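Heads up: the structure comes next, in structure tokens.
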Amino acid sequence: NRAYIGFATLPEQVHRKSVKRGFDFTLMVVGESGLGKSTLVNALFLSDLYRDRRVPDVAERVRRTTSIERKVMDIEERGVKLRLTIVDTPGFGDALNCEESWLACCAYVDEQFRQYFTDESGLNRRNIQDNRVHCCLYFIPPYGHGLRQLDLEFMRRLHRKVNLVPVIAKADTLTAAEVRRLKERVLSDLEEAQIQIYQFPECDSDEDEEFKQQDRELKACVPFAVVGASTVLDVGGRAVRGRSYPWGVVEVENPTHCDFARLRTMLVSTHMQDLKDVTQDVHYENFRAQCLSQMSL
Ligand code: GDP
Ligand code: MG
């Protein structure tokens, strides 16, 4: 159902306590500028959230990002509260300020860990606001033949700190065959460079066949080929978010056109809790261990 984002299905995955308190979830987007990062997060969350409220037009809100911007939304769906934070970054223009960009992104991630660490050692440990980055989408340009040196360099700085989810930007500019080829190439480039992207957990063997099939399809999508758009078009009487071409409309939310819908379901519904768990158990633990070893020096 388009009116719902889908996180209300989360209670099945977690304790009732956290359902009552609500969820904190932070998504960061990084990559070269102009690849559609701001457009995508708007399409993923903001426009849907603002559907019934009076806010500026979506197109108006997508403007050039010039600094790290944090947007926080408190949303509630069927009694489940979610505090969603989107960290939009300016990205980089060329190899020169690529370093500047990953330095800023890493500093942001570390700062949230540090804050959490401080809060955790404080007196009010029960009500910590969790602003840690739970997932980071890395935007890969569609026009190359795989990952560039600077993409690898960027991801190398981040992969031990956050759950890195690579996406192929502007997939509407590629044919289906080109998307397939680029996906394969990206995966092999990542493997060769030993970059650890977010791994979906193994599917429980007692899940039903339909669930297992969905899980297989989701895993086969990586890196997600996405299309973003800020306009809603009329397609045969249906209002769809999409991009218009002389030969037709590429529908953002149509799973046969791109992986946008699967990515959103993964983020806010099926894998939100796992992304949070891995952040806590792996990335934050690494950070904590480093802090503790530095303190004991
Ligand atoms: P950012 O710098 O990565 O945040 O990129 P923006 O979201 O500002 O988008 C840059 C330009 O690309 C804008 O003109 C968008 O309309 C366009 N754009 C965004 N997403 C897509 C997409 O999926 N496909 C195509 N073809 N263009 C896109
Ligand atoms: Mg932007």
Side-chain angles (χ1 to χ4, degrees), residues 26-50 55-73 84-98 100-102 104-105 108 133 135-144 147-148 150-151 154-155 158 164-176 178-179 182-183 186 221 223-233 235 240-264 267:
T26 298
L27 174 72
M28 186 182 214
V29 289
V30 302
E32 190 178 304
S33 49
L35 287 181
K37 296 183 293 299
S38 301
T39 308
L40 191 85
V41 289
N42 271 285
L44 274 171
F45 305 111
L46 306 185
S47 50
D48 282 326
L49 301 177
Y50 289 123
V55 288
D57 188 53
V58 178
E60 212 177 294
R61 273 183 280 120
V62 181
R63 52 186 161 65
R64 249 196 105 200
T65 325
T66 51
S67 59
I68 289 189
E69 279 176 27
R70 192 211 296 240
K71 296 183 184 121
V72 184
M73 287 150 287
L84 179 67
T85 305
I86 305 286
V87 182
D88 195 358
T89 66
F92 50 88
D94 50 44
L96 279 179
N97 63 5
C98 180
E100 214 174 288
S101 180
W102 61 249
C105 291
Y108 185 90
V133 178
C135 182
C136 176
L137 299 183
Y138 187 88
F139 282 65
I140 298 162
Y143 37 75
L147 294 171
R148 302 163 297 177
L150 55 83
D151 292 316
F154 204 120
M155 286 194 255
L158 282 172
L164 204 54
V165 172
V167 303
I168 292 172
K170 301 188 177 182
D172 55 313
T173 61
L174 301 174
T175 65
E178 287 169 335
V179 167
L182 185 53
K183 281 187 176 188
V186 165
C221 278
F224 296 88
V226 295
V227 176
S230 53
T231 43
V232 175
L233 307 166
V235 178
V240 299
R241 179 176 300 285
R243 306 193 77 88
S244 183
Y245 284 95
W247 41 265
V249 170
V250 178
E251 298 175 26
V252 167
E253 304 196 30
N254 185 332
T256 66
H257 291 189
C258 73
D259 302 325
F260 175 95
R262 275 180 289 257
L263 175 66
R264 181 163 66 180
L267 289 176

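Quantities reported herein were computed from a predicted structural model and do not represent experimental measurements. All ligand and atom numbering here is 1-based and tracks the order in the structure.
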Do the side chains of Val235 and Glu251 get nearer than 4.5 Å, heavy atoms only? yes
Side chain or backbone of Phe92 under 4.0 Å from ligand 1, or both, or neither, by non-hydrogen atoms? neither
Does any part of the side chain of Val226, heavy atoms only, come nearer than 4.5 Å to the side chain of Cys258, both counted from C-beta? no
Using a strict 4.0 Å cut-off to heavy atoms of Tyr245, name the atoms of ligand 1 that fall inside it. 26 (N)
Roughly how far, to the nearest 0.5 Å, is CG of Leu40 from CD1 of Ile86? 9.5 Å
Within the structure provided, determine whether Glu69 and Ser38 are in side-chain contact (heavy-atom separation under 4.5 Å). no
With atom 25 (C) of ligand 1 as the reference point, say which of Arg243, Glu32, Lys37 has the nearest heavy atom. Arg243
Got a sec: is Ser38 within less than 2.8 Å of the Mg ion (ligand 2) via an N/O/S atom? yes
Validation row: Trp102, Leu158 side chains within 4.5 angstrom (heavy atoms): no
Could an N or O of ligand 1 be found under 3.5 Å from any N or O of Ser38, whether backbone or side chain? yes
Under a 4.5 Å cut-off applied to non-hydrogen side-chain atoms, are Leu44 and Phe260 in contact? yes
Give the atoms of ligand 1, by number and element, whose distance to some non-hydrogen atom of Gly36 is under 4.0 Å. 1 (P), 3 (O), 5 (O), 6 (P), 7 (O), 9 (O), 19 (C), 20 (N)
When only distance counts, is Val227 in polar contact with ligand 1, meaning an N/O pair under 3.5 Å? no
Quick check: Thr39 and ligand 1, any N/O pair under 3.5 Å apart? yes
Spatial distance of atom CG (Leu137) from atom CE (Met28) [nearest 0.5 Å]: 11.0 Å
Indicate yes or no: at least one non-hydrogen side-chain atom of Tyr143 is less than 4.5 angstrom from one of Thr173. no
Give me the atom names and distance for the closest heavy-atom approach of Ala104 to Ile68. O-CD1, 3.8 Å
Is the shortest N/O to N/O distance between Asp88 and ligand 1 below 3.5 Å? no
Backbone or side chain, does any N or O of Val226 fall under 3.5 Å from an N or O of ligand 1? no
Heavy-atom contact under 4.0 Å between Gly34 and ligand 1? yes
Can you find an N or O of Gly228 that's nearer than 3.5 Å to an N or O of ligand 1? yes
Give the contacting part of Asp172 toward ligand 1: side chain, backbone, both or neither, where contact means a heavy-atom distance below 4.0 Å. side chain
